[in-house]
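Heads up: the structure comes next, in structure tokens.
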Amino acid sequence: MANPLNLFGVAQRGMSAQLVRMNAAASNLANAGSVSATEQGAYKPIRAVFSEDLDRASGLATVKVNGVMREQAAAVRQHNPDHPLADENGDVWTAPVDENAEMVEMLEASRQYQNMVEALSTAKQLMLDTLRMK
Amino acid sequence: MAQDLFGIHGKALELRSQRMGLIASNIANAGTPGYKAKDIDFATAIRAADKGMDAEAAGKTAALYRVPVMPSLDGNTVELQNEQLAFSENAVGYSATLDFIRGRVDTVKRALRGE
């Protein structure tokens, strides 16, 4: 990072990280129940992976999104011979998305986003008070 | 001059601001696996600053890892409710310090005007 990190940088990157996480959960929810003809073709849930990003000059730590990775969950086999995508055994492969887990993931991400907004607005107010000395 | 006028409050304000950044870092990293929450021990820091240490250095020496009440499985030691409490406590301290400084400024202004 070129500029020294300040509180606004920390909050901004923390909030974008939570948004990436929420997008991943939304993608998983959108693909829940999607069906594929092969086990390899089935949708695999995606998950954002975070790591700490420490700025030694200021001692502040923000969040780095290492990437969005696919989970290793196995596709669910369903016997459904009438399905147009069914293979010779009459099976189709469904995306292994746990909808409850994804809802919890979204709730957690949005709560942490709200926390950052709250901290940001408090910090902003205090800085304005200092500038105006009121 | 400014140092005499504001006494310890100038350094206190700087320390409060530093601590606010640190706690915001903890809140931002609430979901990062393995992140260890840090906080400034304000009493130690302000004592060091009072003995003539630079406020930034005082804050860095008094920055300690937080001991979690209940450690989580992924090694993250952020407990959001504690961080929110520390953040608001620190914000109130910041406002109070700001009030002290404002009081001094008003006093000097009145003296200059000869009231």
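Just so we're on the same page: letters track the sequence lines, and every chain starts at 1. No experiment lies behind these values; they were computed from the predicted model shown.
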| Positions in residues 36-52 of chain A that reach chain B, provided some heavy atom is under 4.5 Å away | A:Phe50, A:Ser51, A:Glu52

| said: With a 3.5 Å distance limit and no angle check, can you tell me whether B:Asn29 reaches the backbone of B:Thr32 through a side-chain donor-acceptor pair? | reply: no

| chain B contact residues among residues 94-116 of chain A, heavy-atom distance under 4.5 Å | A:Arg111, A:Gln112, A:Asn115, A:Met116

| field | Selection from B:Lys38, B:Met20, B:Glu83, B:Gln18 maximising heavy-atom pairs under 4.5 Å formed with chain A | value | B:Met20

| field | Sequence-distant partners of A:Ser121, side-chain hydrogen bond (donor to acceptor under 3.5 Å, both in side chains), two or more places apart | value | none

| Out of A:Ala123, A:Gly14, A:Ala61, A:Ala11, which one racks up the most heavy-atom pairs below 4.5 Å with chain B? | A:Ala61

| field | Given B:Ile46, B:Asn90, B:Thr97, the one that forms side chain to side chain contact (heavy atoms under 4.5 Å, CB included) with B:Leu15 | value | B:Ile46

| message | Given 3.5 Å as the limit, does a donor-acceptor pair link the side chain of A:Asn23 with the main chain of A:Gln18, or not? | response | no

| Highest number of heavy-atom pairs under 4.5 Å with chain A: which of B:Ser17, B:Ala63, B:Gly31? | B:Gly31

| query | Measuring heavy-atom distances to chain A, does B:Leu80 have an atom under 4.5 Å in its side chain, in its backbone, in both, or in neither? | reply | side chain

| Could you go step by step and tell me if B:Leu98 and A:Leu126 meet the side-chain contact (heavy atoms from CB on, under 4.5 Å) rule? | CA-CA 9 Å; B:Leu98 211 53; A:Leu126 288 175; 5.6 Å; no

| query | Do B:Tyr65 and B:Asp39 have side-chain atoms, one donor and one acceptor, less than 3.5 Å apart? | reply | no

| query | Is it the backbone or the side chain of B:Gln84 that comes under 4.5 Å from a heavy atom of chain A, or both, or neither? | reply | side chain

| task | Before accepting this row, confirm whether a basic side-chain N of the pair B:Arg102/B:Asp99 lies closer than 4.0 Å to the acidic partner's carboxylate O. | result | yes

| message | Is it the case that atom CZ in A:Arg70 sees more than 12 heavy atoms from other parts of the structure closer than 6.0 Å? | response | yes

| message | Check B:Arg19 with B:Glu89, please: is the shortest side-chain N to carboxylate O separation under 4.0 Å? | response | yes

| task | Please assess B:Tyr94 against A:Thr130 for the test side-chain contact (heavy atoms from CB on, under 4.5 Å), listing each intermediate value before the final yes or no. | result | CA-CA 10 Å; B:Tyr94 189 101; A:Thr130 314; 2.7 Å; yes

| note | Joining Ile, Leu, Val, Met, Phe, Trp and Tyr whenever any side-chain heavy atoms lie under 4.5 Å apart, the cluster holding B:Val67 also takes in none

| When B:Ala91, B:Ser95, B:Ala24, B:Ser25 are compared by non-hydrogen pairs under 4.5 Å with chain A, the top option | B:Ser25

| request: Taking A:Asp87 for its side chain and A:Gly90 for its backbone only, find out whether a donor-acceptor pair lies under 3.5 Å. | output: yes

